[in-house]
Q: 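Dropping the structure in here first, questions after.
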Amino acid sequence: MTKADVREIPARIVQLKDELFAASTQPCYERATLVTCSYRASEGEHYAIRRAKAMRAVFNGMPLFIREGELIVGQRAAVLAGRSVYPEYNRTDLDDPSTPKEIREYWRGKTISEVVGNAYPERLVLAESEMACGYVTGSGSGYGHVVVDYDKAITRGFRSIIAEAETMLSMERSREGTAEADPEGVTFLQAVVISATGIIEWANRYANLAEKLAENIAENMARKEAENVAQSELDSSRRNELLRIAETCRRVPAEPARNLTEAIQCFWFVHMAMHLEQYGWSISAGRLDQYLFPYFEADLASGALSTEEAWTLVLNLWVKFMENVHDGVKETVFQNLTLGGQDGDGKDQSNALSRMCLDATVALRFNQPALSLRWHEHIDPDFWEQAMQAIAGGMGLPALFNDEIIIPALVSHGVDRKDAVGYALVGCVEASIPGKQQGMTAGGHLNCAKALELALNDGRSMITGRQIGLQTGEPGNFKGFDDLWSAYVSQVEYLSGLNVLATHISGEMQKQFGYCPLMSSLLEDCITRKRDMVYGGTRYNLPGVGVFGPSNTCDGMMAIRKWVCEKERLTWKELQQVLLDDFAGHEEFRLLFARKTPRFGNDILEADELYNRITAVHADFFWKQVDSRNGRYTCGVWPVTTHVGSGNWTAATPDGRHKGMPLVDGVGACQGADRNGPTALLKSVARLNNKDHWTAGNTCNIKFSASGIHTGDGIGRLRDLTTAFMKLGGQELQINVVDAQTLASAMEHPQEYEDLVVRVAGFSAYFTKLSRSVQEEIMSRMEQAV
């Protein structure tokens, strides 16, 4: 197959892309209006039924449009680039002057965000206000962070799902009035039938619209002068396309897909429906190259589609991913798509569609879908080479994941191996079991750098002076490193306990108000257990806790061990004052901490071992806890951009970092601390206990100079280094190939770099769309030679 950098992009795709990128994002209140009217009409009914009826109202009432030239249809807003509003979850956009009065007034005090916030105890509000812990998924949103069973929808269709639910419903109704009666189960199954019927009706509305547009073209053609042959041919071609769209939408998602076009369209209807049902980030595509490949292969083999026609369909799907906006055009909603991997026998599963997906991202330079690629010992070397070529293009895509680490980690945390082998990535870097796992891989956060700050100030914030942690003793009374360690562990476990409390409160509110019957119908065991995903109906539930600042904490403790405990260059009390002063008047100590301390990321065994000791504290604590759906917590590092925000609330740290500066962007070295080169950095990261400590995923960012990669056999060196990292046991790697000079120029002249895509911290973004503080943080990372 031809490479993406020379493969032609059809004119229709260029037009769709240009039109989208020229559009501006504004709140779209159509969904909010329909949901509000439905909720008014269903007052007093069970909330599962109210949710299902509201979704069916949206499916039947949302204004539809089909863009000129598109072959795949479906939007979650009434206008291109519109941002749908979710009043049942939070007040985002509800205070906007354009918000219809009836929406704003109905939801005042009723949103999940407000209900959860009002239930938080003061100590949790206090800790969360300084980003020490909390801010869990589900406290002001849906869960997202899930891969539903797209394959079930494509191969079975929703009429089959409705029949499955109705069969269960009939059995449950026969038990009414007996001890075995399950009214909650009956209600859930009813909600599944209502919402699943709605998505079929939605697709039929698109079929009706496509037929109407085709009819309009036919009428216009009849009125036109016959001599305009070229235009007549174009009109005739588009009319036929619209009729095929109509036929497709009549078929899916009601019935099983029969070809690639129907399979892609079914996927997109389901994907959009998941986003319409809940306000959740990171609803991801899973292993699309696996469940679509049988249709791709069959259509090409039979001649039903040419390679170029399949290419156009894939490109059109990529445009649809970019149309799925929330904050704005070019902003990500973390739609992760996983490529490659292995089967149960270790055989590589990359295929021609996997390679076409890589081609599409490189050709269009889109940051969505976020591509993730699974490496394993027997990966196809040509596919691996193609990934290196894509990364060398400077987009930070694909991110690379290690099957040899992630599969055993999932198995050791209760996932059956046959399911673990089929894992996909959601959001940034979180491994999830498609169609079988509760979507809650961002079940809270912990700032361990803040915990160290509290340990060094008797539980008081060095930013505000407020008592947000436990009183673990003034550092002036510490006798040695063990006293600091004891105080740190106490602070971590206290903050972690508050985080668990936050997830329980949020989870209980979701059980009351946050049903997702349509999504649950595509998550295994929910229908057989007769329980919504918010009740823990799914096969697996491994809520993940995002951890901030582990490398800052490690480097800070290394500095304390060396300069306070061993060298006695300053006392514990003096250390506390240096940090409270943010190094003002103490620059000699800041330089001592930052430049003369053995730091993580430099292949220094002492630092690497301390890192694992630090991460064991929160990993072991959380794994012992059980959430409100009987799931156990795992830990991960996916800062997104919150390492910048949480850094704003973290005082000066003993690694030489100033107050308010960003924390580390993942599990790698702190910004600028990896002084011994890329090999040393990756050896340190590979020593992490990924199996036990980072089951929920981690991000390791590394930045190489573009000039180095594109000189000599730079791509070959990149491939060898990356392969070595995986073989040593690294879990994940994301690579920026860009020169600092390019980033600096893009900051000064953004209009000249509108297609510059970089890896941030678990996701790729258009550089000029990032905030200045995040741009500066990316600039601060060490640029390595390869």
Side-chain angles (χ1 to χ4, degrees), residues 1-23 66-75 80-81 150 234 237-238 240-242 244-245 248 257 259-269 271-272 284-285 287-289 291-293 295-297 299-300 304-325 329-330 332-333 335-339 350-373 386-387 389-390 393 395 397-398 754-755 757 764 766:
M1 299 182 72
T2 54
K3 291 185 179 297
D5 56 354
V6 297
R7 189 195 290 274
E8 182 180 355
I9 302 176
R12 73 165 75 217
I13 301 298
V14 174
Q15 179 181 337
L16 290 169
K17 173 185 174 182
D18 290 347
E19 182 185 14
L20 173 63
F21 283 7
I66 295 175
R67 297 179 66 193
E68 182 63 35
E70 70 177 353
L71 302 172
I72 306 299
V73 302
Q75 300 274 350
L80 182 64
Y150 293 106
L234 287 173
S237 175
R238 183 56 181 165
N240 290 335
E241 287 176 353
L242 289 165
R244 284 194 294 272
I245 289 171
T248 298
N259 53 53
L260 181 63
T261 301
E262 290 180 356
I264 291 177
Q265 182 62 72
C266 182
F267 160 76
W268 189 249
F269 273 142
H271 193 62
M272 280 296 89
S284 295
R287 304 181 72 192
L288 180 140
D289 65 338
Y291 56 77
L292 289 186
F293 183 65
Y295 303 93
F296 176 91
E297 184 179 41
D299 279 7
L300 265 61
L305 281 179
S306 68
T307 300
E308 290 311 311
E309 287 170 331
W311 169 242
T312 300
L313 281 173
V314 170
L315 291 177
N316 198 162
L317 178 59
W318 259 230
V319 172
K320 301 303 286 186
F321 277 117
M322 289 298 291
E323 288 176 6
N324 184 27
V325 304
V329 177
K330 291 189 176 182
T332 183
V333 289
Q335 303 167 95
N336 209 316
L337 191 157
T338 305
L339 299 177
S350 65
N351 54 50
L353 182 56
S354 313
R355 293 185 280 277
M356 188 175 280
C357 289
L358 269 177
D359 284 350
T361 291
V362 173
L364 293 170
R365 296 196 65 81
F366 284 174
N367 64 332
Q368 293 196 86
L371 294 188
S372 295
L373 186 147
Q386 185 185 0
Q389 294 282 349
M395 296 177 62
L397 293 170
E754 291 184 349
D755 67 343
V757 178
S764 284
Y766 287 89

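Please read these numbers as outputs of a predicted model, since none were measured by experiment.
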Q: With sequence neighbours excluded, tell me which residues meet side chain to side chain contact (heavy atoms under 4.5 Å, CB included) with Gln15.
A: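 Glu68.
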Q: Out of curiosity, Leu16 CG to Ile72 CD1, how far, rounded to the nearest 0.5 Å?
A: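 Taking CG in Leu16 and CD1 in Ile72, the distance rounds to 11.0 Å.
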Q: Would you indicate whether the side-chain heavy atoms of Asp359 and Val314 approach each other to under 4.5 Å?
A: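 Val314 vs Asp359: side chains apart.
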Q: To the nearest 0.5 angstrom, please state how far the CG atom of Leu300 sits from the CZ atom of Phe293.
A: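 Atom-to-atom, Leu300:CG and Phe293:CZ are 9.0 Å apart.
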Q: Start with the C-alpha gap between Ile9 and Lys17, add the side-chain angles, then the distance that decides, and say whether side-chain contact (heavy atoms from CB on, under 4.5 Å) holds.
A: CA-CA 11 Å; Ile9 302 176; Lys17 173 185 174 182; over 6 Å; no
Q: Any sub-3.5 Å donor-acceptor pair from Gln368's side-chain atoms to Val333's backbone N or O?
A: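 Side chain of Gln368 to backbone of Val333, a donor-acceptor pair under 3.5 Å: yes, one is there.
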Q: Walk me through it: do Arg355 and Asp289 pass the test side-chain contact (heavy atoms from CB on, under 4.5 Å)?
A: CA-CA 9 Å; Arg355 293 185 280 277; Asp289 65 338; over 6 Å; no
Q: For a quick test of reading the model, state the closest non-hydrogen atom pair linking Ala390 to Leu358 and the distance between them.
A: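 Looks like CB-CD2, 4.3 Å.
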Q: Can any side-chain N or O of Trp311 pair as donor or acceptor with the backbone N or O of Pro10 at less than 3.5 Å?
A: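 Side chain of Trp311 to backbone of Pro10: no pair is present.
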Q: My understanding is that only residues two or more places apart in sequence, or in another chain, count here; which of them pass salt bridge (charged side-chain N to carboxylate O under 4.0 Å, His left out) with Arg365?
A: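 Result, salt bridge (charged side-chain N to carboxylate O under 4.0 Å, His left out) vs Arg365: Asp755.
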Q: Given side chains that start at C-beta, do those of Glu323 and Arg67 come closer than 4.5 Å, heavy atoms only?
A: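 A side-chain contact under 4.5 Å exists here.
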Q: Please enumerate all residues that pass side chain to side chain donor-acceptor pair (under 3.5 Å) together with Thr261, with sequence neighbours excluded.
A: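 Counting only residues at least two positions away or on another chain, Thr261 forms no side chain to side chain donor-acceptor pair (under 3.5 Å).
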Q: Do Val362 and Gln389 have side chains that get closer than 4.5 Å, going by heavy atoms?
A: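 The answer is no; the side chains never approach within 4.5 Å.
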Q: State the CG-CE distance between Leu292 and Met356, to the nearest 0.5 angstrom.
A: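 If I round to the nearest 0.5 Å, the distance is 12.0 Å.
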Q: How many angstroms lie between CG in Leu337 and CG in Leu288, if you round to the nearest 0.5 Å?
A: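 Interatomic distance, Leu337 CG to Leu288 CG, rounded to 0.5 Å: 5.0 Å.
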Q: Sub-3.5 Å donor-acceptor pair from the side chain of Gln265 to the main-chain atoms of Val73, do we have one?
A: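 Between the backbone of Val73 and the side chain of Gln265 there is a qualifying donor-acceptor contact (under 3.5 Å).
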Q: Would you say the side-chain atoms of Trp268 pair up with the backbone N or O of Lys320, donor to acceptor, closer than 3.5 Å?
A: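 Checking the backbone N and O of Lys320 against the side chain of Trp268, no donor-acceptor pair under 3.5 Å is found.
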Q: Can you list everything that forms a ring pair (Phe, Tyr, Trp, His ring centres under 6.0 Å) with Trp318? Sequence neighbours excluded, please.
A: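 Residues passing ring pair (Phe, Tyr, Trp, His ring centres under 6.0 Å) with Trp318: Phe321.
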Q: Please determine whether side-chain contact (heavy atoms from CB on, under 4.5 Å) holds for the pair Asn367 and Met322, giving the CA-CA distance in whole Å, both sets of side-chain angles, and the decisive distance to 0.1 Å.
A: CA-CA 8 Å; Asn367 64 332; Met322 289 298 291; 3.5 Å; yes
Q: Does Glu754 have any side chain to side chain donor-acceptor pair (under 3.5 Å) partners at least two apart in sequence or in another chain, and if so, which?
A: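 Per chain and number, Glu754 pairs via side chain to side chain donor-acceptor pair (under 3.5 Å) with no residue.
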Q: Regarding Asn336 and Ser284, is there a side-chain donor-to-acceptor distance under 3.5 Å anywhere?
A: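 No, Ser284 and Asn336 have no side-chain donor paired with an acceptor closer than 3.5 Å.
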Q: Mind running side-chain contact (heavy atoms from CB on, under 4.5 Å) on Leu260 and Ile264 for me, showing each step along the way?
A: CA-CA 6 Å; Leu260 181 63; Ile264 291 177; 3.9 Å; yes
Q: Restricting to ring pair (Phe, Tyr, Trp, His ring centres under 6.0 Å), what partner residues turn up for Tyr766, sequence neighbours left out?
A: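 Expected list: none.
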Q: For Ser237 and Asn240, which I'm curious about, is there any donor-acceptor pair between the side chains at under 3.5 Å?
A: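 Per modelled atom types, Ser237 and Asn240 side chains form no pair under 3.5 Å.
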Q: Could you measure the distance from the CG atom of Leu353 to the CD atom of Glu297? Nearest 0.5 Å is fine.
A: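 Here the interatomic distance stands at 10.5 Å.
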Q: What I'd like to find out is whether the side chain of Leu305 reaches to under 4.5 Å of the side chain of Leu313, using heavy atoms alone.
A: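 In contact.
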Q: Should Arg12 and Leu71 count as side-chain neighbours, where that means a heavy-atom distance under 4.5 Å?
A: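 Sidechains of Leu71 and Arg12: in contact.
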Q: Could you give the distance from OG1 (Thr361) to CG (Leu315), rounded to the nearest 0.5 Å?
A: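 That separation rounds to 9.5 Å.
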Q: Ala310 and Phe296: which non-hydrogen atoms are nearest, and at how many Å?
A: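 Heavy-atom minimum between the residues: CB-CE1, 3.9 Å.
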Q: Determine whether a donor-acceptor pair (N or O, by modelled atom type, separation under 3.5 Å) exists between the side chain of Ser764 and the backbone of Met395.
A: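 Flag set: sc Ser764 to bb Met395 pair under 3.5 Å.
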Q: Mind listing the closest non-hydrogen atom pair of Ala81 and Val325 along with its distance?
A: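 Smallest interatomic distance, heavy atoms only, reads O-CG2, 3.5 Å.
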